[in-house]
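So the structure is just underneath, and the comments pick up after that.
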Amino acid sequence: MTQDPARNPSALQDRAAAHHAMAAAALRADSSLSVRLKRYNHHMSVARSLEATAERDNTTSTRDPRAALAWLQSGRPVRIDSLNLRDHLRHVRALAALEVQGGAQ
């Protein structure tokens, strides 16, 4: 079974970079201003969409603090959904306490 390259975050980042380059090239093209702007906006919207998809695919949702800690220790980013700063800090401190206890094993 092969992996779909469209679902690979690094492949998506490469495609997004290509669309950024195409957007820059569209601004320098020898055509009318409205055509250049239309092409630029199109390529930038595709690049933003690809970057958002890559970011979403590079994260996972979990309510298990041990899984979140293992995710962090593997070098991946973690986004904490919290109601406010106080709630966010509570989650961060809980992960730090779990790490001290050696809870990710």
Side-chain angles (χ1 to χ4, degrees):
M1 183 169 127
T2 61
Q3 182 179 3
D4 180 14
R7 302 298 295 169
N8 182 353
S10 62
L12 291 174
Q13 290 289 352
D14 292 344
R15 288 179 53 209
H19 278 280
H20 277 287
M22 287 185 270
L27 290 177
R28 294 186 300 270
D30 187 21
S31 56
S32 70
L33 180 60
S34 64
V35 169
R36 289 183 287 163
L37 184 60
K38 181 179 175 182
R39 289 178 183 164
Y40 172 81
N41 286 334
H42 167 74
H43 287 295
M44 287 304 294
S45 68
V46 171
R48 287 185 201 105
S49 173
L50 289 169
E51 288 168 344
T53 301
E55 183 65 29
R56 187 185 67 242
D57 287 352
N58 209 13
T59 60
T60 187
S61 176
T62 181
R63 295 211 180 269
D64 180 19
R66 286 175 176 73
L69 181 59
W71 189 263
L72 276 171
Q73 289 174 337
S74 71
R76 294 180 171 161
V78 172
R79 186 183 77 216
I80 298 174
D81 291 329
S82 57
L83 301 173
N84 51 35
L85 179 60
R86 186 179 195 176
D87 189 38
H88 181 82
L89 291 175
R90 181 177 61 84
H91 288 291
V92 170
R93 289 182 186 123
L95 285 171
L98 186 61
E99 183 178 29
V100 168
Q101 296 172 0
Q105 288 115 19

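Each residue takes its place number in the sequence, starting with 1.
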Is R39 close to M22 at the side-chain level, that is, under 4.5 Å between some pair of heavy atoms?
-> no
Salt bridge (Lys or Arg N to Asp or Glu O under 4.0 Å) partners of R48, counting only residues at least two apart | none
Nearest-0.5 Å distance, CG of residue L37 to CG of residue L33 | 6.5 Å
According to the interplanar angle, ranging from 0 to 90°, do the rings of H19 and H43 count as parallel (below 30°), tilted (30 to 60°) or perpendicular (above 60°)?
-> tilted
Connected via hydrophobic side-chain network under 4.5 Å: M44 and L50 = no
Is E51 close to H20 at the side-chain level, that is, under 4.5 Å between some pair of heavy atoms?
-> yes
Nearest heavy-atom pair of N84 and D87: which atoms, and what distance?
-> OD1-N, 2.8 Å
State plainly whether one hydrophobic cluster holds both L69 and I80, where clusters connect Ile, Leu, Val, Met, Phe, Trp and Tyr through side-chain heavy atoms under 4.5 angstrom apart.
-> yes
Tightest non-hydrogen contact, residues Y40 and A23, listed as CD1-O, 3.3 Å
Does L89 share a hydrophobic cluster with L95, counting links as ILVMFWY side-chain heavy atoms below 4.5 Å and allowing steps through other members?
-> no
Without swapping roles, check the side chain of S49 against the backbone of S45 for a donor-acceptor pair under 3.5 Å.
-> no
Roughly how far apart are R15 CZ and T53 OG1, rounded to 0.5 Å?
-> 9.0 Å
Report yes or no: does R36 contribute a side-chain atom to a donor-acceptor pair with the main-chain N or O of S31 at less than 3.5 Å?
-> yes
